[in-house]
> 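Let me give you the structure first, and then I'll get to my questions.
Chain letters run A, B, ... following the sequence lines, proteins first, then strands; residues in each count from 1.
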There are 2 protein chains.
Amino acid sequence: MGKMKLHWSPRSPFVRKVMVAAHELGVVDRITTVRTVVAMDKVAPELLPDNPLGKIPTLVLEDGTVLYDSAVIIEYLDSLGGGGRMVPAAGPARFTELRRHALATGFLDLLILWRSERAKEAPPAALLEAFATKADSALRAIDAEIDAIAATPVGIAQITFAIAGDYMDFRFADLGWRDRAPRFAAWQARFRERPSMLATPVVDG
Amino acid sequence: MGKMKLHWSPRSPFVRKVMVAAHELGVVDRITTVRTVVAMDKVAPELLPDNPLGKIPTLVLEDGTVLYDSAVIIEYLDSLGGGGRMVPAAGPARFTELRRHALATGFLDLLILWRSERAKEAPPAALLEAFATKADSALRAIDAEIDAIAATPVGIAQITFAIAGDYMDFRFADLGWRDRAPRFAAWQARFRERPSMLATPVVDG
């Protein structure tokens, strides 16, 4: 069987979503990773023919079909085994998982934008304040809902929440998120011991 | 029958996605819109209990269940009539639609970030250059694919491409996109005459 090619980086939390899901789904050996360096202010010319937005993860199937973004790739990987494991196939449980995934992904997007912004020379104070308010609001909401989230099968929402936790440890140590969202932190400390998480460490390089 | 409540603004292209889809699906009369003012640097406190990320669109169902983001809301509205109209239910056509939707949404995200960035006092030159390169690459890709896109039933990808076109007319008149992507522009000029588009004008207020 041929392999799929994944435009990959060890630093991207959205790439990590795909890799953790691939481990959970047992399809990681069907993927070859290709290191692709991108940033908000850096374009990878070799990536643009596959993904004109220049974003990773981007998956190229054996027949040349290209898939992105991370949620689309994960649905595809899930479909290889029949589907319905990363997001329930139908019903209220499906919409609950999708809404939680949107919360987790939106939270991660917010952290990434916040990090980019606060690294600049003179970031607008109102913008930094809005990031802090939204991050605090999201952290409280996740903490309040994490027991219900933990009671569902491992899916795309749990994976993304766990990665967001690791991302905060990595990039927002100053946020003190483990003290501010103790139930979320306790759940995440268990989730990150899963083989899928241990096999996909975030490294700065 | 009770109504669903949509946190709404006449300026948000992602809110417009939901409204255009609601018109196409024939469910717009089941939605009450509530004007909610948000921005990247502005938090709407009344929105946070429904959506802790402070983003619109956010839909509140009659039983209090909350849904976001726009793609999740549109899938829910589609499901009210049995589903499968906005995104094919399965098979290669589903993944093609999802990948095109990711292209359209990513393009719109990029334009919104670019607009926010270039409005600042001293935006980093490398960042502005990366935005311009990615937007050009995406415009070319959309132009190259638009005939194939136009040959599919109206779904979430077409709606988002059409809204991105209107957004460029509204916020990026200087981009000259209609000259640079003439096939996309010609398709978009037809699509925006649909009743769903005419019923949801973008206004600056």
> Under the salt bridge (Lys or Arg N to Asp or Glu O under 4.0 Å) test, which residues partner A:Asp174, sequence neighbours left out?
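So A:Asp174 forms a salt bridge (Lys or Arg N to Asp or Glu O under 4.0 Å) with A:Arg118.
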
> With sequence neighbours excluded, give me every salt bridge (Lys or Arg N to Asp or Glu O under 4.0 Å) pair touching residues 66-79 of chain B.
A:Arg94-B:Glu75

> Please report the shortest heavy-atom distance between B:Arg99 and A:Val66, naming the atom on each side.
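Here B:Arg99 and A:Val66 meet closest at CG-O, 3.4 Å.
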
> Are more than 12 heavy atoms from other residues, nucleotides or ligands located less than 6.0 Å from atom CD of B:Glu46?
yes

> Can you find a pair of side-chain heavy atoms, one from B:Phe131 and one from A:Asp41, that are under 4.5 Å apart?
no

> Contact part of A:Thr65 toward chain B, heavy-atom cut-off under 4.5 Å: side chain, backbone, both or neither?
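Contact with chain B is absent: no heavy atom of A:Thr65 under 4.5 Å.
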
> Is atom CZ of B:Arg192 surrounded by more than 12 heavy atoms (other residues, nucleotides or ligands) closer than 6.0 Å?
yes

> I need the residue from A:Gly54, A:Ala122, A:Ala141, A:Ala126 with the largest number of non-hydrogen atom pairs under 4.5 Å to chain B.
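Maximum pair count with chain B is reached by A:Ala126.
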
> How many angstroms lie between atom CG of A:Leu127 and atom NZ of B:Lys42, to the nearest 0.5 angstrom?
13.0 Å

> Closest heavy-atom contact between B:Val72 and A:Phe95?
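Scanning both residues completely, I find the closest heavy atoms to be O-CE2, 4.0 Å.
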
> What option among A:Ala138, A:Gly83, A:Pro92, A:Ala71 has the most heavy-atom pairs under 4.5 Å with chain B?
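The residue among A:Ala138, A:Gly83, A:Pro92, A:Ala71 with the greatest pair count is A:Ala138.
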
> Measure the shortest side-chain to side-chain distance between B:Glu117 and A:Lys120 over non-hydrogen atoms and say whether it is less than 4.5 angstrom.
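Yes, close enough: below the 4.5 Å cut-off.
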
> Under 4.5 Å, counting heavy-atom pairs only, tell me which of B:Ala130, B:Ala102, B:Ser137 racks up the most with chain A.
B:Ser137

> Please classify the contact of B:Ala39 with chain A as side chain, backbone, both or neither, using a heavy-atom distance under 4.5 Å.
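Only the backbone of B:Ala39 comes within 4.5 Å of chain A.
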
> Can you tell which of A:Ile142, A:Asp109, A:Leu67 has the highest number of heavy-atom pairs within less than 4.5 Å of chain B?
A:Leu67

> Please flag which part of B:Thr96 lies under 4.5 Å from any non-hydrogen atom of chain A: side chain, backbone, both or neither.
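Contact with chain A is absent: no heavy atom of B:Thr96 under 4.5 Å.
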
> How far apart are the closest heavy atoms of B:Gly106 and A:Leu53, and which atoms are they?
CA-CD1, 3.6 Å

> Side chain, backbone, both or neither: which part of A:Leu103 has a non-hydrogen atom closer than 4.5 Å to chain B?
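Both parts, backbone and side chain.
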
> How about B:Lys134: does its NZ atom have over 12 heavy atoms from other parts shown lying under 6.0 Å from it?
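Count over threshold, so yes.
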
